[in-house]
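Computed from a predicted model, the values in this text were never measured in an experiment.
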Amino acid sequence: LSSCVCPEGFSGDAGESCVACEAGTFKSFEGPGACLSCPGDGVSAEEGRSCACGAGHFFEDNVPRLSCSGESSGSFPCSPSAGSNSGTLSIRVGSQPSSWIISGLEPRVKIISLQEQKGFSLYFSFSVADCNDAACTSSYQSWRGRSIASGWEYQSSTRHLRVRFEWTTYVDSSAFGFLGNVVATWSTTSKAPECSPCEAGDYKDTTDAAGCTACPSNAVSAEGSTGLSSCVCP
């Protein structure tokens, strides 16, 4: 029963009845959690999954999320979550890397403890990628070696942070289930949902949950532009 969770647009704890978000509120993620108030005029959209924003503005739910990267599969799965500003990753890391994407304002991660499996000459690798999009395909920055210790932390200046943990050894480790344990904490800074102005070069001429539209090729526009007519040639 605890595996039964509420979908987007519905609030409730795992294993309990789900209640649709009231008018003026929303819930943009699957799982336990309450509905949040919409910004501005407080107009819900998409059946309580989002909020409507006026012309020149798009909706940002600012809900923190922990999601799975494609590298975190097989024997070392990731458990996604949303709605919480912090959490703990307790990881049994093997010969394949284990990675997550932390989404939110000022996402950060801190290594609490490292414990390698005895009998190997191991090095621990900790990598991060700062990303502006949720897919987070930016290149990694990496730190490797025994100099990485408990208390090591990293904070991103972007909205998405991909983190990867990996133990490496110079012998064939494919026959072993894991090479070491890692415990790390992650967190983001709380921020209320908001209607943000369209970036320069974009526009939006409707009041709804839609995103902004890019101006035609080579055209420019000011931040918060409310129509196609705002796109002009430089």
Side-chain angles (χ1 to χ4, degrees), residues 8 28-31 46 49-50 53 57-111 123-145 148 152-168 179 182 184-191 193-194 196-204 209-221 223:
E8 298 178 9
S28 59
F29 58 92
E30 180 182 286
E46 299 180 344
R49 299 190 300 272
S50 185
C53 290
H57 292 75
F58 67 99
F59 178 61
E60 288 192 285
D61 64 14
N62 292 325
V63 172
R65 289 175 170 83
L66 177 70
S67 56
C68 305
S69 168
E71 296 169 301
S72 300
S73 58
S75 302
F76 308 95
C78 162
S79 298
S81 65
S84 174
N85 282 97
S86 62
T88 300
L89 301 173
S90 183
I91 315 149
R92 297 184 69 192
V93 183
S95 55
Q96 297 297 319
S98 187
S99 60
W100 286 262
I101 298 174
I102 304 165
S103 299
L105 182 65
E106 299 175 332
R108 46 196 173 271
V109 62
K110 180 177 182 178
I111 296 174
Y123 284 88
F124 178 71
S125 176
F126 175 64
S127 307
V128 298
D130 298 314
C131 308
N132 291 313
D133 61 289
C136 211
T137 56
S138 300
S139 299
Y140 277 119
Q141 307 172 54
S142 297
W143 293 266
R144 180 176 178 274
I148 300 175
W152 203 98
E153 58 185 316
Y154 182 85
Q155 177 175 310
S156 177
S157 59
T158 61
R159 296 299 294 268
H160 307 278
L161 172 64
R162 186 174 57 179
V163 296
R164 179 174 66 183
F165 307 98
E166 183 177 12
W167 289 97
T168 57
L179 297 175
V182 180
T185 58
W186 66 272
S187 61
T188 64
T189 300
S190 297
K191 189 177 184 181
E194 60 186 332
S196 298
C198 295
E199 296 181 354
D202 295 344
Y203 72 94
K204 178 169 174 271
C212 302
T213 302
C215 288
S217 179
N218 296 321
V220 296
S221 66
E223 182 183 272

For Cys198 against His57, the heavy-atom pair lying closest together:
SG-N, 4.0 Å
With sequence neighbours excluded, what pairs up with Ser157 under the side-chain contact (heavy atoms from CB on, under 4.5 Å) test?
none
Those residues at least two apart in sequence (or on a different chain) that pass salt bridge (Lys or Arg N to Asp or Glu O under 4.0 Å) with Asp61 are Arg65
If you measure from CG on Asn132 to OG1 on Thr158, what distance do you get to the nearest 0.5 Å?
6.0 Å
So which heavy atom on Ser190 is nearest to which on Leu105, and how close?
O-CD2, 4.4 Å
Smallest heavy-atom separation, Trp186 atom then Ser84 atom, equals CH2-O, 3.4 Å
Which residues share a side-chain contact (heavy atoms from CB on, under 4.5 Å) with Gln155, sequence neighbours left out:
Glu106, Arg108
Which heavy atom in Leu161 sits nearest to a heavy atom in Cys136, and how many Å separate them?
C-SG, 4.4 Å
Contacts of Glu60 that satisfy side-chain contact (heavy atoms from CB on, under 4.5 Å) - sequence neighbours left out
Phe58, Asn62, Arg159, Glu194, Ser196
Shortest non-hydrogen pair, Val63 vs Ser28, comes out as CG2-OG, 3.8 Å
What closest approach, in Å, do Ser139 and Ala129 show between heavy atoms, and which atom pair accounts for it?
O-CB, 3.7 Å
Go through the structure and list residues passing side-chain hydrogen bond (donor to acceptor under 3.5 Å, both in side chains) with His160, not counting sequence neighbours.
Ser103
May I ask you to test the Leu89-Phe165 pair for a side-chain heavy-atom distance under 4.5 Å?
yes
Please examine the side chains of Phe126 and Val182, heavy atoms only from C-beta on, and report whether any two atoms are closer than 4.5 Å.
no
Taking atom types as modelled, find out whether Ser156 and Asp130 have a side-chain donor-acceptor pair closer than 3.5 angstrom.
yes
In Å and rounded to the nearest 0.5 Å, what is the CD to CZ distance from Glu8 to Phe29?
9.5 Å
What is the distance from atom OG of Ser99 to atom OH of Tyr140, rounded to the nearest 0.5 Å?
4.0 Å
Any side-chain donor near an acceptor of the partner, Asn85 and Ser187, under 3.5 Å:
no
Please name all residues satisfying side-chain contact (heavy atoms from CB on, under 4.5 Å) with Thr213, sequence neighbours left out, ordered by chain then number.
Tyr203
Gap separating the CD atom of Glu223 from the CG atom of Asp202, nearest 0.5 angstrom:
10.5 Å
